[in-house]
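For reference, the structure is listed below as C-alpha coordinates.
Chain naming here is simple, since letters A, B, ... match the order of the sequence lines and numbering starts at 1 in each. Values below: all heavy atoms of this structure, side chains included; hydrogens, waters and symmetry mates excluded.
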Number of protein chains: 2
Amino acid sequence: MDTKITLAIADDELLFRQGLMSILSKEKNLEIIFDAEDGNDLMAQLRATKQIPEIVITDLKMPGLNGVETTKLIRKEFPDIKIIALTSYFSKPFIINMISIGAVAYLAKNSTPKLMLTTINEVADKGFYYDTQVMKFIHEGLLNTNDQAKKSNFDTTYFTKREKEVLELICQQFTTNEIGEKLFISPRTVDGHRNNLLLKTESKNLAGLVVYAIQNKIVNLEEEF
Amino acid sequence: MDTKITLAIADDELLFRQGLMSILSKEKNLEIIFDAEDGNDLMAQLRATKQIPEIVITDLKMPGLNGVETTKLIRKEFPDIKIIALTSYFSKPFIINMISIGAVAYLAKNSTPKLMLTTINEVADKGFYYDTQVMKFIHEGLLNTNDQAKKSNFDTTYFTKREKEVLELICQQFTTNEIGEKLFISPRTVDGHRNNLLLKTESKNLAGLVVYAIQNKIVNLEEEF
DNA sequence: GAAAAATCAGGTAGAAATACCTATTTTTAT
DNA sequence: ATAAAAATAGGTATTTCTACCTGATTTTTC
(Lines give C-alpha, C1' and ligand atoms only; values in the text may rest on other atoms or scores of the structure.)
Protein backbone atom coordinates (compact mmCIF):
# COMPACT_ATOMS: atom_id res chain seq x y z
CA MET A 1 0.00 0.00 0.00
CA ASP A 2 1.08 3.57 -0.44
CA THR A 3 -0.47 5.35 2.51
CA LYS A 4 2.27 6.85 4.59
CA ILE A 5 2.07 7.39 8.32
CA THR A 6 1.84 11.15 8.84
CA LEU A 7 3.65 12.72 11.76
CA ALA A 8 4.12 15.97 13.62
CA ILE A 9 6.87 16.52 16.15
CA ALA A 10 7.03 18.91 19.09
CA ASP A 11 10.21 19.49 21.07
CA ASP A 12 11.78 22.69 22.25
CA GLU A 13 15.33 21.54 21.60
CA LEU A 14 16.07 22.28 17.97
CA LEU A 15 18.93 19.84 17.76
CA PHE A 16 16.97 16.94 19.18
CA ARG A 17 14.01 17.75 16.98
CA GLN A 18 16.03 17.91 13.83
CA GLY A 19 17.99 14.80 14.72
CA LEU A 20 14.76 12.92 15.22
CA MET A 21 13.36 14.27 11.96
CA SER A 22 16.52 13.26 10.18
CA ILE A 23 16.18 9.72 11.41
CA LEU A 24 12.48 9.45 10.69
CA SER A 25 12.66 11.04 7.27
CA LYS A 26 14.80 8.16 6.09
CA GLU A 27 11.86 5.85 6.49
CA LYS A 28 9.86 5.49 3.31
CA ASN A 29 6.59 4.84 5.08
CA LEU A 30 6.77 7.96 7.24
CA GLU A 31 5.93 11.52 6.34
CA ILE A 32 6.67 14.38 8.66
CA ILE A 33 4.10 17.07 8.06
CA PHE A 34 5.58 19.66 10.37
CA ASP A 35 7.51 20.21 13.56
CA ALA A 36 6.92 22.62 16.44
CA GLU A 37 8.99 24.13 19.20
CA ASP A 38 6.35 23.87 21.88
CA GLY A 39 2.72 23.07 22.54
CA ASN A 40 1.40 26.43 21.46
CA ASP A 41 3.29 26.23 18.21
CA LEU A 42 2.02 22.72 17.64
CA MET A 43 -1.60 23.63 18.31
CA ALA A 44 -1.36 26.65 16.05
CA GLN A 45 -0.05 24.55 13.22
CA LEU A 46 -2.64 21.84 13.79
CA ARG A 47 -5.40 24.41 13.64
CA ALA A 48 -3.96 25.97 10.50
CA THR A 49 -3.09 22.93 8.42
CA LYS A 50 -5.55 21.05 6.27
CA GLN A 51 -3.54 17.83 6.59
CA ILE A 52 -3.94 16.58 10.14
CA PRO A 53 -1.15 14.19 11.16
CA GLU A 54 -2.04 10.72 12.28
CA ILE A 55 0.51 10.75 15.06
CA VAL A 56 1.99 13.52 17.18
CA ILE A 57 5.27 12.90 18.92
CA THR A 58 5.68 15.37 21.75
CA ASP A 59 8.25 16.04 24.37
CA LEU A 60 6.76 16.50 27.81
CA LYS A 61 9.11 19.17 29.12
CA MET A 62 8.74 22.30 27.01
CA PRO A 63 8.38 25.98 27.77
CA GLY A 64 5.20 27.70 26.73
CA LEU A 65 2.72 24.85 26.67
CA ASN A 66 4.21 21.64 28.01
CA GLY A 67 3.53 18.10 26.93
CA VAL A 68 0.90 17.30 29.53
CA GLU A 69 -1.19 20.33 28.69
CA THR A 70 -0.55 19.85 25.01
CA THR A 71 -1.78 16.28 25.22
CA LYS A 72 -4.97 17.42 26.91
CA LEU A 73 -5.57 20.05 24.27
CA ILE A 74 -4.96 17.67 21.37
CA ARG A 75 -7.31 15.12 22.87
CA LYS A 76 -9.94 17.78 23.10
CA GLU A 77 -9.61 19.39 19.69
CA PHE A 78 -8.28 16.53 17.61
CA PRO A 79 -9.42 13.32 19.28
CA ASP A 80 -8.26 11.17 16.37
CA ILE A 81 -4.61 12.10 16.72
CA LYS A 82 -2.49 9.51 18.47
CA ILE A 83 0.01 10.95 20.89
CA ILE A 84 3.42 9.51 21.62
CA ALA A 85 4.93 11.08 24.74
CA LEU A 86 8.67 11.58 24.93
CA THR A 87 10.25 11.91 28.33
CA SER A 88 13.23 11.13 30.45
CA TYR A 89 11.23 10.55 33.59
CA PHE A 90 9.83 7.13 34.33
CA SER A 91 7.64 6.67 37.33
CA LYS A 92 4.61 4.59 37.79
CA PRO A 93 2.16 7.29 38.85
CA PHE A 94 3.33 9.68 36.20
CA ILE A 95 3.06 7.18 33.39
CA ILE A 96 -0.35 6.07 34.56
CA ASN A 97 -1.38 9.70 34.56
CA MET A 98 -0.11 10.33 31.06
CA ILE A 99 -1.96 7.32 29.76
CA SER A 100 -5.15 8.31 31.50
CA ILE A 101 -4.80 11.70 29.85
CA GLY A 102 -4.62 10.07 26.46
CA ALA A 103 -1.05 9.27 25.44
CA VAL A 104 -0.95 6.01 23.49
CA ALA A 105 2.78 5.46 23.92
CA TYR A 106 5.40 6.54 26.36
CA LEU A 107 8.96 6.62 25.13
CA ALA A 108 12.25 7.49 26.81
CA LYS A 109 14.17 10.24 25.06
CA ASN A 110 17.27 8.09 24.99
CA SER A 111 15.56 5.19 23.28
CA THR A 112 17.12 3.67 20.19
CA PRO A 113 15.89 4.79 16.75
CA LYS A 114 14.80 1.20 16.26
CA LEU A 115 12.47 1.36 19.26
CA MET A 116 11.17 4.70 18.10
CA LEU A 117 10.28 3.22 14.71
CA THR A 118 8.72 0.18 16.29
CA THR A 119 6.62 2.41 18.49
CA ILE A 120 5.44 4.55 15.59
CA ASN A 121 4.51 1.55 13.48
CA GLU A 122 2.75 -0.21 16.31
CA VAL A 123 0.82 2.92 17.21
CA ALA A 124 -0.21 3.39 13.59
CA ASP A 125 -1.20 -0.25 13.36
CA LYS A 126 -2.79 -1.09 16.69
CA GLY A 127 -3.45 2.35 18.07
CA PHE A 128 -1.07 2.08 21.01
CA TYR A 129 2.26 0.65 22.06
CA TYR A 130 3.68 0.09 25.49
CA ASP A 131 7.03 -1.51 26.08
CA THR A 132 7.65 -4.02 28.80
CA GLN A 133 8.49 -1.53 31.51
CA VAL A 134 5.47 0.61 30.81
CA MET A 135 3.24 -2.45 30.63
CA LYS A 136 4.48 -3.46 34.04
CA PHE A 137 3.57 -0.09 35.47
CA ILE A 138 0.16 -0.16 33.85
CA HIS A 139 -0.46 -3.61 35.20
CA GLU A 140 0.49 -2.64 38.72
CA GLY A 141 -1.45 0.58 38.42
CA LEU A 142 -4.58 -1.27 37.42
CA LEU A 143 -4.19 -3.68 40.28
CA ASN A 144 -4.30 -0.83 42.72
CA THR A 145 -7.22 0.90 41.10
CA ASN A 146 -9.74 -0.07 43.69
CA ASP A 147 -8.01 0.26 47.04
CA GLN A 148 -5.76 3.24 47.18
CA ALA A 149 -5.77 4.71 43.74
CA LYS A 150 -7.96 7.58 44.80
CA LYS A 151 -6.07 8.71 47.82
CA SER A 152 -2.85 9.15 45.91
CA ASN A 153 -4.07 11.50 43.24
CA PHE A 154 -3.11 10.10 39.88
CA ASP A 155 -4.54 13.01 38.06
CA THR A 156 -2.16 15.50 39.56
CA THR A 157 1.01 13.50 39.05
CA TYR A 158 1.66 12.64 42.69
CA PHE A 159 3.83 14.33 45.26
CA THR A 160 5.28 13.22 48.54
CA LYS A 161 4.72 15.10 51.75
CA ARG A 162 8.21 16.59 51.69
CA GLU A 163 7.85 17.61 48.10
CA LYS A 164 4.64 19.43 48.87
CA GLU A 165 6.32 21.24 51.75
CA VAL A 166 9.19 22.29 49.54
CA LEU A 167 6.84 23.35 46.78
CA GLU A 168 4.86 25.44 49.21
CA LEU A 169 7.98 27.25 50.36
CA ILE A 170 9.25 27.75 46.84
CA CYS A 171 5.97 29.48 46.02
CA GLN A 172 6.57 31.69 49.05
CA GLN A 173 9.82 32.90 47.54
CA PHE A 174 12.17 31.11 49.85
CA THR A 175 15.48 30.07 48.35
CA THR A 176 16.94 26.61 48.55
CA ASN A 177 19.11 27.58 51.49
CA GLU A 178 16.23 29.18 53.34
CA ILE A 179 14.03 26.15 52.77
CA GLY A 180 16.79 23.93 54.12
CA GLU A 181 16.95 26.00 57.28
CA LYS A 182 13.21 25.95 57.75
CA LEU A 183 12.87 22.21 57.32
CA PHE A 184 16.10 21.39 59.14
CA ILE A 185 17.56 19.55 56.18
CA SER A 186 20.56 20.16 53.96
CA PRO A 187 20.15 22.53 51.02
CA ARG A 188 21.27 19.62 48.87
CA THR A 189 18.27 17.65 50.00
CA VAL A 190 16.04 20.55 49.12
CA ASP A 191 17.82 20.53 45.79
CA GLY A 192 16.87 16.93 45.35
CA HIS A 193 13.24 17.54 46.21
CA ARG A 194 13.07 20.51 43.89
CA ASN A 195 14.61 18.44 41.14
CA ASN A 196 11.99 15.74 41.63
CA LEU A 197 9.29 18.38 41.50
CA LEU A 198 10.67 19.68 38.23
CA LEU A 199 10.73 16.15 36.85
CA LYS A 200 7.26 15.26 38.03
CA THR A 201 5.68 18.41 36.72
CA GLU A 202 7.81 18.38 33.57
CA SER A 203 8.72 21.97 34.31
CA LYS A 204 11.75 23.77 32.96
CA ASN A 205 12.20 26.06 35.93
CA LEU A 206 10.72 27.56 39.07
CA ALA A 207 8.20 29.56 37.09
CA GLY A 208 6.68 26.42 35.64
CA LEU A 209 6.64 24.84 39.06
CA VAL A 210 4.77 27.73 40.60
CA VAL A 211 2.23 27.85 37.79
CA TYR A 212 1.68 24.14 38.18
CA ALA A 213 1.34 24.41 41.94
CA ILE A 214 -1.27 27.11 41.71
CA GLN A 215 -3.19 25.55 38.84
CA ASN A 216 -3.44 22.27 40.66
CA LYS A 217 -4.04 23.92 43.99
CA ILE A 218 -1.13 22.12 45.59
CA VAL A 219 -0.41 25.34 47.40
CA ASN A 220 -2.86 27.73 48.97
CA LEU A 221 -2.74 31.36 48.07
CA GLU A 222 -4.11 33.26 51.02
CA GLU A 223 -6.76 35.28 49.24
CA GLU A 224 -8.93 36.54 52.02
CA PHE A 225 -9.97 39.77 50.44
CA MET B 1 4.78 62.01 79.92
CA ASP B 2 5.91 58.44 80.15
CA THR B 3 3.95 56.66 77.45
CA LYS B 4 6.38 55.18 75.02
CA ILE B 5 5.68 54.60 71.37
CA THR B 6 5.45 50.84 70.88
CA LEU B 7 6.87 49.28 67.74
CA ALA B 8 7.15 46.03 65.84
CA ILE B 9 9.55 45.52 62.97
CA ALA B 10 9.34 43.12 60.05
CA ASP B 11 12.23 42.60 57.66
CA ASP B 12 13.71 39.45 56.27
CA GLU B 13 17.28 40.65 56.40
CA LEU B 14 18.52 39.93 59.90
CA LEU B 15 21.33 42.43 59.72
CA PHE B 16 19.14 45.28 58.57
CA ARG B 17 16.52 44.42 61.13
CA GLN B 18 18.96 44.32 64.00
CA GLY B 19 20.69 47.45 62.85
CA LEU B 20 17.40 49.26 62.78
CA MET B 21 16.49 47.91 66.20
CA SER B 22 19.84 48.99 67.52
CA ILE B 23 19.25 52.53 66.34
CA LEU B 24 15.69 52.72 67.56
CA SER B 25 16.38 51.16 70.92
CA LYS B 26 18.59 54.08 71.80
CA GLU B 27 15.57 56.37 71.80
CA LYS B 28 14.04 56.71 75.21
CA ASN B 29 10.53 57.29 73.92
CA LEU B 30 10.48 54.14 71.78
CA GLU B 31 9.85 50.56 72.79
CA ILE B 32 10.31 47.70 70.38
CA ILE B 33 7.92 44.96 71.34
CA PHE B 34 9.12 42.39 68.85
CA ASP B 35 10.60 41.86 65.41
CA ALA B 36 9.68 39.42 62.68
CA GLU B 37 11.39 37.94 59.66
CA ASP B 38 8.40 38.12 57.35
CA GLY B 39 4.70 38.85 57.19
CA ASN B 40 3.62 35.48 58.45
CA ASP B 41 5.93 35.72 61.39
CA LEU B 42 4.68 39.22 62.13
CA MET B 43 1.02 38.24 61.97
CA ALA B 44 1.64 35.22 64.17
CA GLN B 45 3.28 37.36 66.82
CA LEU B 46 0.58 40.02 66.58
CA ARG B 47 -2.08 37.39 67.11
CA ALA B 48 -0.18 35.89 70.02
CA THR B 49 0.86 38.94 71.98
CA LYS B 50 -1.31 40.79 74.42
CA GLN B 51 0.55 44.04 73.84
CA ILE B 52 -0.35 45.27 70.37
CA PRO B 53 2.22 47.72 69.01
CA GLU B 54 1.11 51.17 68.02
CA ILE B 55 3.25 51.17 64.90
CA VAL B 56 4.49 48.42 62.61
CA ILE B 57 7.50 49.10 60.43
CA THR B 58 7.56 46.61 57.60
CA ASP B 59 9.78 45.99 54.65
CA LEU B 60 7.84 45.48 51.46
CA LYS B 61 10.05 42.88 49.84
CA MET B 62 10.04 39.75 51.95
CA PRO B 63 9.63 36.06 51.27
CA GLY B 64 6.64 34.28 52.71
CA LEU B 65 4.16 37.08 53.13
CA ASN B 66 5.40 40.30 51.60
CA GLY B 67 4.79 43.83 52.76
CA VAL B 68 1.83 44.57 50.53
CA GLU B 69 -0.06 41.50 51.64
CA THR B 70 1.06 42.01 55.21
CA THR B 71 -0.26 45.55 55.17
CA LYS B 72 -3.63 44.36 53.92
CA LEU B 73 -3.80 41.71 56.62
CA ILE B 74 -2.87 44.09 59.40
CA ARG B 75 -5.43 46.62 58.23
CA LYS B 76 -8.03 43.90 58.34
CA GLU B 77 -7.21 42.30 61.66
CA PHE B 78 -5.66 45.19 63.55
CA PRO B 79 -7.10 48.38 62.07
CA ASP B 80 -5.59 50.55 64.79
CA ILE B 81 -2.00 49.71 63.98
CA LYS B 82 -0.22 52.34 61.94
CA ILE B 83 1.95 50.94 59.21
CA ILE B 84 5.21 52.44 58.02
CA ALA B 85 6.31 50.89 54.73
CA LEU B 86 10.01 50.45 54.03
CA THR B 87 11.09 50.16 50.44
CA SER B 88 13.77 50.96 47.97
CA TYR B 89 11.39 51.52 45.11
CA PHE B 90 9.81 54.91 44.57
CA SER B 91 7.22 55.27 41.87
CA LYS B 92 4.09 57.29 41.80
CA PRO B 93 1.61 54.52 41.08
CA PHE B 94 3.18 52.17 43.56
CA ILE B 95 3.21 54.68 46.38
CA ILE B 96 -0.35 55.71 45.68
CA ASN B 97 -1.29 52.08 45.81
CA MET B 98 0.47 51.51 49.13
CA ILE B 99 -1.27 54.47 50.65
CA SER B 100 -4.64 53.38 49.38
CA ILE B 101 -3.98 50.03 50.98
CA GLY B 102 -3.39 51.69 54.30
CA ALA B 103 0.25 52.57 54.85
CA VAL B 104 0.54 55.84 56.75
CA ALA B 105 4.15 56.48 55.81
CA TYR B 106 6.44 55.42 53.02
CA LEU B 107 10.13 55.40 53.75
CA ALA B 108 13.18 54.60 51.66
CA LYS B 109 15.40 51.92 53.14
CA ASN B 110 18.42 54.12 52.78
CA SER B 111 16.89 56.99 54.70
CA THR B 112 18.83 58.56 57.55
CA PRO B 113 18.11 57.44 61.10
CA LYS B 114 17.01 61.01 61.72
CA LEU B 115 14.31 60.78 59.08
CA MET B 116 13.26 57.44 60.42
CA LEU B 117 12.81 58.90 63.90
CA THR B 118 10.98 61.91 62.54
CA THR B 119 8.65 59.61 60.65
CA ILE B 120 7.94 57.48 63.69
CA ASN B 121 7.25 60.47 65.91
CA GLU B 122 5.07 62.19 63.34
CA VAL B 123 3.12 59.01 62.73
CA ALA B 124 2.60 58.54 66.45
CA ASP B 125 1.58 62.16 66.80
CA LYS B 126 -0.49 62.96 63.73
CA GLY B 127 -1.28 59.48 62.44
CA PHE B 128 0.66 59.79 59.22
CA TYR B 129 3.80 61.26 57.69
CA TYR B 130 4.71 61.83 54.10
CA ASP B 131 7.91 63.50 53.07
CA THR B 132 8.12 66.01 50.26
CA GLN B 133 8.64 63.50 47.48
CA VAL B 134 5.79 61.31 48.59
CA MET B 135 3.54 64.34 49.03
CA LYS B 136 4.29 65.33 45.47
CA PHE B 137 3.28 61.93 44.20
CA ILE B 138 0.11 61.95 46.22
CA HIS B 139 -0.73 65.39 44.94
CA GLU B 140 -0.23 64.38 41.34
CA GLY B 141 -2.04 61.13 41.88
CA LEU B 142 -5.05 62.93 43.27
CA LEU B 143 -5.07 65.34 40.35
CA ASN B 144 -5.40 62.45 37.95
CA THR B 145 -8.10 60.71 39.91
CA ASN B 146 -10.92 61.72 37.64
CA ASP B 147 -9.59 61.45 34.13
CA GLN B 148 -7.33 58.51 33.63
CA ALA B 149 -6.78 57.06 37.01
CA LYS B 150 -8.92 54.08 36.22
CA LYS B 151 -7.30 53.02 33.01
CA SER B 152 -3.89 52.74 34.60
CA ASN B 153 -4.77 50.37 37.37
CA PHE B 154 -3.48 51.77 40.62
CA ASP B 155 -4.64 48.82 42.60
CA THR B 156 -2.45 46.35 40.81
CA THR B 157 0.75 48.36 40.92
CA TYR B 158 0.93 49.24 37.25
CA PHE B 159 2.84 47.59 34.45
CA THR B 160 3.90 48.73 31.04
CA LYS B 161 3.02 46.83 27.90
CA ARG B 162 6.50 45.41 27.58
CA GLU B 163 6.58 44.39 31.20
CA LYS B 164 3.35 42.50 30.78
CA GLU B 165 4.73 40.72 27.72
CA VAL B 166 7.86 39.74 29.61
CA LEU B 167 5.84 38.63 32.61
CA GLU B 168 3.64 36.49 30.42
CA LEU B 169 6.66 34.75 28.93
CA ILE B 170 8.34 34.28 32.27
CA CYS B 171 5.23 32.48 33.46
CA GLN B 172 5.51 30.28 30.39
CA GLN B 173 8.96 29.15 31.52
CA PHE B 174 10.98 30.98 28.93
CA THR B 175 14.43 32.10 30.05
CA THR B 176 15.76 35.61 29.70
CA ASN B 177 17.60 34.69 26.50
CA GLU B 178 14.56 33.03 24.98
CA ILE B 179 12.37 36.00 25.81
CA GLY B 180 14.88 38.29 24.18
CA GLU B 181 14.74 36.24 21.00
CA LYS B 182 10.97 36.19 20.97
CA LEU B 183 10.61 39.93 21.45
CA PHE B 184 13.60 40.82 19.27
CA ILE B 185 15.35 42.67 22.06
CA SER B 186 18.59 42.11 23.94
CA PRO B 187 18.58 39.74 26.92
CA ARG B 188 19.86 42.70 28.91
CA THR B 189 16.70 44.58 28.13
CA VAL B 190 14.66 41.64 29.26
CA ASP B 191 16.83 41.68 32.37
CA GLY B 192 15.83 45.27 32.91
CA HIS B 193 12.15 44.57 32.48
CA ARG B 194 12.30 41.60 34.79
CA ASN B 195 14.10 43.70 37.34
CA ASN B 196 11.38 46.35 37.14
CA LEU B 197 8.79 43.65 37.59
CA LEU B 198 10.56 42.38 40.69
CA LEU B 199 10.70 45.94 42.02
CA LYS B 200 7.10 46.76 41.26
CA THR B 201 5.76 43.57 42.74
CA GLU B 202 8.23 43.65 45.62
CA SER B 203 9.12 40.08 44.79
CA LYS B 204 12.33 38.34 45.74
CA ASN B 205 12.46 36.03 42.76
CA LEU B 206 10.66 34.48 39.82
CA ALA B 207 8.43 32.45 42.08
CA GLY B 208 7.03 35.58 43.69
CA LEU B 209 6.57 37.15 40.30
CA VAL B 210 4.60 34.21 39.00
CA VAL B 211 2.41 34.05 42.08
CA TYR B 212 1.73 37.76 41.74
CA ALA B 213 0.96 37.46 38.05
CA ILE B 214 -1.54 34.71 38.59
CA GLN B 215 -3.14 36.25 41.65
CA ASN B 216 -3.69 39.53 39.88
CA LYS B 217 -4.61 37.85 36.64
CA ILE B 218 -1.94 39.69 34.71
CA VAL B 219 -1.36 36.49 32.82
CA ASN B 220 -3.93 34.06 31.56
CA LEU B 221 -3.62 30.43 32.45
CA GLU B 222 -5.26 28.47 29.70
CA GLU B 223 -7.65 26.45 31.79
CA GLU B 224 -10.11 25.08 29.31
CA PHE B 225 -10.87 21.85 31.05
C1' DG C 1 11.24 -10.36 55.46
C1' DA C 2 11.87 -8.48 50.98
C1' DA C 3 10.99 -4.80 47.81
C1' DA C 4 9.82 -0.30 46.78
C1' DA C 5 9.53 4.31 47.86
C1' DA C 6 10.94 8.25 50.34
C1' DT C 7 14.26 10.90 52.56
C1' DC C 8 18.58 12.20 53.21
C1' DA C 9 23.05 14.31 51.42
C1' DG C 10 27.60 14.53 49.32
C1' DG C 11 30.45 16.36 44.69
C1' DT C 12 31.04 19.07 40.36
C1' DA C 13 29.65 22.20 36.64
C1' DG C 14 27.38 25.31 34.15
C1' DA C 15 23.30 28.11 33.24
C1' DA C 16 20.26 31.41 34.81
C1' DA C 17 18.80 34.83 37.75
C1' DT C 18 19.59 38.79 40.65
C1' DA C 19 21.98 43.02 42.38
C1' DC C 20 24.42 46.64 41.53
C1' DC C 21 25.96 50.18 38.05
C1' DT C 22 25.38 53.32 33.97
C1' DA C 23 23.54 55.50 29.77
C1' DT C 24 21.00 56.46 25.25
C1' DT C 25 16.96 56.62 22.45
C1' DT C 26 12.09 56.63 21.81
C1' DT C 27 7.56 57.46 23.17
C1' DT C 28 4.04 59.79 25.65
C1' DA C 29 1.87 63.44 28.05
C1' DT C 30 1.09 68.26 29.19
C1' DA D 1 8.46 72.43 23.73
C1' DT D 2 9.55 70.38 27.73
C1' DA D 3 9.41 66.88 30.95
C1' DA D 4 8.34 62.33 32.30
C1' DA D 5 8.04 57.69 31.38
C1' DA D 6 9.25 53.76 28.78
C1' DA D 7 12.29 50.97 26.22
C1' DT D 8 16.65 50.10 24.93
C1' DA D 9 21.30 47.90 26.34
C1' DG D 10 25.99 47.75 28.06
C1' DG D 11 29.36 46.02 32.28
C1' DT D 12 30.48 43.25 36.55
C1' DA D 13 29.75 40.30 40.46
C1' DT D 14 27.27 37.20 43.25
C1' DT D 15 23.67 34.10 44.32
C1' DT D 16 20.54 30.78 42.98
C1' DC D 17 19.09 27.29 40.19
C1' DT D 18 19.55 23.23 37.35
C1' DA D 19 21.88 19.10 35.52
C1' DC D 20 24.50 15.59 36.09
C1' DC D 21 26.57 12.09 39.31
C1' DT D 22 26.58 9.02 43.51
C1' DG D 23 25.17 6.51 47.65
C1' DA D 24 23.16 5.71 52.68
C1' DT D 25 19.35 5.50 55.74
C1' DT D 26 14.67 5.29 56.92
C1' DT D 27 9.85 4.40 56.03
C1' DT D 28 6.24 2.26 53.75
C1' DT D 29 4.09 -1.44 51.44
C1' DC D 30 3.11 -6.07 50.25
Could you tell me whether the phosphate oxygens of C/dA19, OP1 or OP2, come under 4.0 Å of any side-chain nitrogen or oxygen in B/K61? yes
Taking the six-membered ring of B/F174, is the NZ or CZ of B/K182 close enough (under 6.0 Å from the centre) and on axis enough (within 45°)? yes
In whole Å, I'd like the distance from the CD1 atom of A/I170 to the P atom of D/dC17. 8 Å
Over how many whole Å does the gap from A/I179 atom CD1 to C/dT7 atom C1' extend? 16 Å
Length of the line joining A/L198:CG and D/dC20:C1', which is rounded to integer Å: 14 Å
Are any of the side-chain heavy atoms of B/L117 and B/E27 separated by less than 4.5 Å? yes
Partner of B/R17 by salt bridge (Lys or Arg N to Asp or Glu O under 4.0 Å), out of B/D11, B/D35, B/D12: B/D35
Between the CD atom in B/E178 and the CD atom in B/Q172, the distance rounded to the nearest 0.5 Å is 11.0 Å
Measuring to OP1 and OP2 of D/dA5, would you say a side-chain N or O of B/T160 lies under 4.0 angstrom away? no
Separation of A/R162 atom CZ from D/dT26 atom P, in whole Å? 15 Å
What is the distance, rounded to the nearest whole Å, between atom CD of B/E13 and atom P of D/dT15? 13 Å
Can a side chain N or O of B/T176 be found less than 4.0 Å away from OP1 or OP2 on C/dA17? yes
Between atom CD in A/E178 and atom P in C/dT18, what is the gap in whole Å? 13 Å
Is the shortest heavy-atom distance from the side chain of A/L209 to the side chain of A/L167 under 4.5 Å? yes
Just to be sure I understand the geometry, which residues of residues 185-197 of chain A put a non-hydrogen atom under 4.0 Å away from DNA chain D? A/D191, A/R194, A/N195
Using whole Å, report how far CG of A/L199 lies from C1' of D/dC17. 14 Å
Can you tell me if A/N177 touches the phosphate of D/dT16, counting only side-chain N or O atoms and a distance under 4.0 Å to OP1 or OP2? yes
Spacing of A/F174 atom CZ relative to D/dT15 atom C1', expressed in whole Å: 17 Å
State whether B/T175 places a side-chain N or O below 4.0 Å from either non-bridging phosphate oxygen (OP1 or OP2) of C/dA15. no
Testing C/dT7, D/dT18, C/dT18 for proximity to the side chain of B/N205, the answer is C/dT18
Does any part of the side chain of B/E202, heavy atoms only, come nearer than 4.5 Å to the side chain of B/T87, both counted from C-beta? yes
Strictly below 4.0 Å: does B/K161 bring a side-chain N or O up to OP1 or OP2 of D/dA5? no
Between A/N177 and A/E181: side-chain donor-acceptor atoms closer than 3.5 Å: no
